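What you see is a predicted model; the values in this text were computed from it and never measured.
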Amino acid sequence: MTRDPAQGAAGPAGLVTQGDWPADVAAFCDATRVLLTSDAARNSPPEVAAECAEMARLLAGVTAPICNPQAHELPAVRFLHPALQTVAPGPLQHLASTVAALAGGLWWRNKYRNSDARLYDRFGFCDLVGPDGVQASDQVTLGLVIVGPQTLYPLHEHPARELYLVLAGTADWAVDDAPFAPRPPGAFLLHHEMQPHAMRTGDDTLLALSMWRGDIRAPSRFSEPKP
């Protein structure tokens with residue numbers, strides 16, 4: 001995932017005043033922690049299970065006040081509600097309901113407006129927790145990533161350790177030199193510090209939770225070809 005607030009998408013923004021925003025953010029974080037401590041997380045490969053537990057611990061320690069965000073949408077947000085409607089009943093659907101409650105007030109970003117028209121049109125991310133989130137933390141980020149259909153997000157890397165949870169859409173994922181492989185909703189994926197990884201969608205929109213820890217302020221970059 002790419003985080004680079006200095007190069008975020010420009011556009012008009014308005015304060016969100018409808019609904020109970022603090023309660024909705026708290027419900028989203030609570031639902032995330034439930035999944036991170038679920039049987040599915042604990043029964044994942046040991047390194048992934050340990051990362052789920054650590055992310056849950058860090059998120060439980062976030063106590064900063066929740067502020068009203070500035071809402072900003074990107075073109076990719078048109079894929080959000082259709083993706084949420086595909087989430088299967090169960091714990092993932094409960095989390096999806098908390099995302100739906102927040103959808104109108106999220107600040108979506110990407111840095112491709114002037115460099116890659118397709119990625120600008122079909123990719124976006126937003127942080128709910130983190131240095132640039134609506135609940136501040138300097139230890140962990142929690143946000144959403146959306147990638148529209150028929151889109152390649154090329155190999156990229158970042159200093160932070162990253163945990164993904166696929167919420168909707170089966171997409172192909174690649175790490176290092178390994179071939180792309182499908183990962184369905186409910187899958188946890190762990191990327192180590194500076195480990196190249198990529199996502200490729202087919203007919204489905206990919207909607208996933210993304211969590212960072214470690215060096216969460218440094219942006220990601222596209223991976224350099226190996227000599």
> Please give me the minimum heavy-atom distance between Ile216 and Ser137, naming the atom from each residue.
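Residues Ile216 and Ser137, closest heavy atoms: CD1-O, 3.9 Å.
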
> Salt bridge (charged side-chain N to carboxylate O under 4.0 Å, His left out) for Arg109 and Asp127? Distances and angles first, verdict last.
CA-CA 9 Å; Arg109 291 176 286 167; Asp127 285 340; 3.5 Å; yes

> Would you say Val134 and Trp21 make side-chain contact, with heavy atoms under 4.5 Å?
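Side-chain contact under 4.5 Å: yes.
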
> Give the cluster check for Tyr164 versus Val175: same hydrophobic cluster or not, with ILVMFWY residues linked at side-chain heavy-atom distances below 4.5 Å.
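No: no chain of side-chain contacts under 4.5 Å links Tyr164 to Val175.
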
> Quick one: do Leu206 and Leu152 end up in the same hydrophobic cluster if we chain Ile, Leu, Val, Met, Phe, Trp and Tyr together by side-chain heavy atoms under 4.5 Å apart?
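In one cluster with Leu206: Leu152, no.
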
> In terms of the angle between their ring planes, are His197 and His158 parallel, tilted or perpendicular, with boundaries placed at 30° and 60°?
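Perpendicular: the ring planes of His197 and His158 meet at over 60°.
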
> State, with a plain yes or no, whether a side-chain heavy atom of Pro131 is found less than 4.5 Å away from one of Asp138.
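They are not in contact (no side-chain heavy atoms under 4.5 Å apart), so the answer is no.
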
> So which atom in Val87 and which in Ala168 form the shortest heavy-atom distance, rounded to 0.1 Å?
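Looking at all heavy atoms of both residues, the closest pair is CG2-CB, 3.9 Å.
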
> Could you check whether any side-chain heavy atom of Leu207 comes within less than 4.5 Å of a side-chain heavy atom of Val145, counting everything from C-beta outward?
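Not in contact.
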
> Can a side-chain donor-acceptor contact be found between Ser220 and Glu157 if the only test is distance below 3.5 angstrom?
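The criterion, which ignores hydrogens and geometry beyond distance, is not satisfied for Ser220 and Glu157.
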
> When you compare the side chain of Leu163 with that of Leu189, does any pair of heavy atoms fall below 4.5 Å?
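A side-chain contact is absent here, since even the closest heavy-atom pair is not under 4.5 Å.
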
> Do any pairs count as a side chain to side chain donor-acceptor pair (under 3.5 Å) and have a residue in residues 33-46, sequence neighbours left out, and if so which ones?
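Applying side chain to side chain donor-acceptor pair (under 3.5 Å) to every pair that reaches into residues 33-46, excluding sequence neighbours, yields Asp30-Arg33, Asp39-Arg42.
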
> What distance separates Cys29 SG from Leu128 CG, expressed to the nearest 0.5 Å?
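So the SG of Cys29 and the CG of Leu128 are separated by 6.0 Å.
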
> Run the salt bridge (charged side-chain N to carboxylate O under 4.0 Å, His left out) check on Glu162 and Arg213 step by step: do they pass?
CA-CA 7 Å; Glu162 180 177 53; Arg213 69 179 179 94; over 6 Å; no

> Write down the atom of Leu106, the atom of Cys126, and the distance for their closest heavy-atom approach.
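Closest approach of Leu106 to Cys126, heavy atoms only: CD1-SG, 3.9 Å.
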
> Testing the basics here: between Val140 and Val129, what is the closest heavy-atom pair and its distance to 0.1 Å?
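That would be O-CG1, 3.8 Å.
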
> To the nearest 0.5 angstrom, please state how far the CE atom of Met55 sits from the CE atom of Met211.
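Output value for this atom pair is 6.5 Å.
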
> Assigning hydrophobic clusters by single linkage (Ile, Leu, Val, Met, Phe, Trp, Tyr; side-chain heavy-atom cutoff under 4.5 Å), is Val62 placed with Val34?
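Per the 4.5 Å side-chain linkage, Val62 and Val34 are not co-clustered.
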
> Are Arg118 and Tyr112 close enough that some pair of their side-chain heavy atoms sits under 4.5 Å apart?
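No - every pair of side-chain heavy atoms lies 4.5 Å or more apart.
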
> So, the side chain of Thr201 versus the backbone of Thr151: is there a donor-acceptor pair under 3.5 Å, distance only?
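It does hold such a pair.
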
> Run the side chain to side chain donor-acceptor pair (under 3.5 Å) test against Glu47 and tell me which residues pass, sequence neighbours left out.
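So Glu47 forms a side chain to side chain donor-acceptor pair (under 3.5 Å) with His192.
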
> Please tell me whether His72 and Trp108 form a close aromatic pair, meaning their ring centres lie under 6.0 Å apart.
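So the answer is no for these two rings.
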
> Is the ring pair Phe125/Phe123 parallel, tilted or perpendicular, if the boundaries are 30 and 60 degrees?
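Taking Phe123 first and then Phe125, their aromatic rings sit tilted (interplane angle of 30° to 60°).
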
> Is Val77 close to Ile146 at the side-chain level, that is, under 4.5 Å between some pair of heavy atoms?
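Ile146 does not reach Val77 side chain to side chain.
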
> Please say yes or no: joined through hydrophobic side-chain contacts below 4.5 Å, possibly via intermediate residues, are Tyr153 and Leu155 part of one cluster?
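Unlinked, Tyr153 and Leu155 end up in two clusters.
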
> Over all heavy atoms of both residues, which pair between Trp173 and Ala171 is shortest? Give the atoms and the distance, please.
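Heavy-atom minimum between the residues: CD1-O, 3.3 Å.
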
> Around Glu54, counting heavy atoms of other residues, nucleotides and ligands shown, do more than 12 lie under 6.0 Å from its CD?
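For Glu54, atom CD is crowded (more than 12 foreign heavy atoms under 6.0 Å).
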
> Taking the basic N atoms (NZ, or NE/NH1/NH2) and the acidic carboxylate oxygens, is any pair closer than 4.0 Å for Glu73 and Arg78?
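No.
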
> Are Val147 and Phe180 co-members of a hydrophobic cluster defined by side-chain heavy atoms under 4.5 Å apart?
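Cluster IDs for Phe180 and Val147 differ.
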
> Heavy atoms only: give me the nearest Pro149-Thr205 pair and the separation to one decimal.
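Of all heavy-atom pairs spanning Pro149 and Thr205, the closest is CD-OG1, 3.3 Å.
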
> Counting C-beta onward and ignoring hydrogens, is there a side-chain heavy-atom pair between Asn110 and Tyr120 closer than 4.5 Å?
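When only atoms from C-beta onward are counted, Tyr120 and Asn110 do touch, with a gap below 4.5 Å.
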
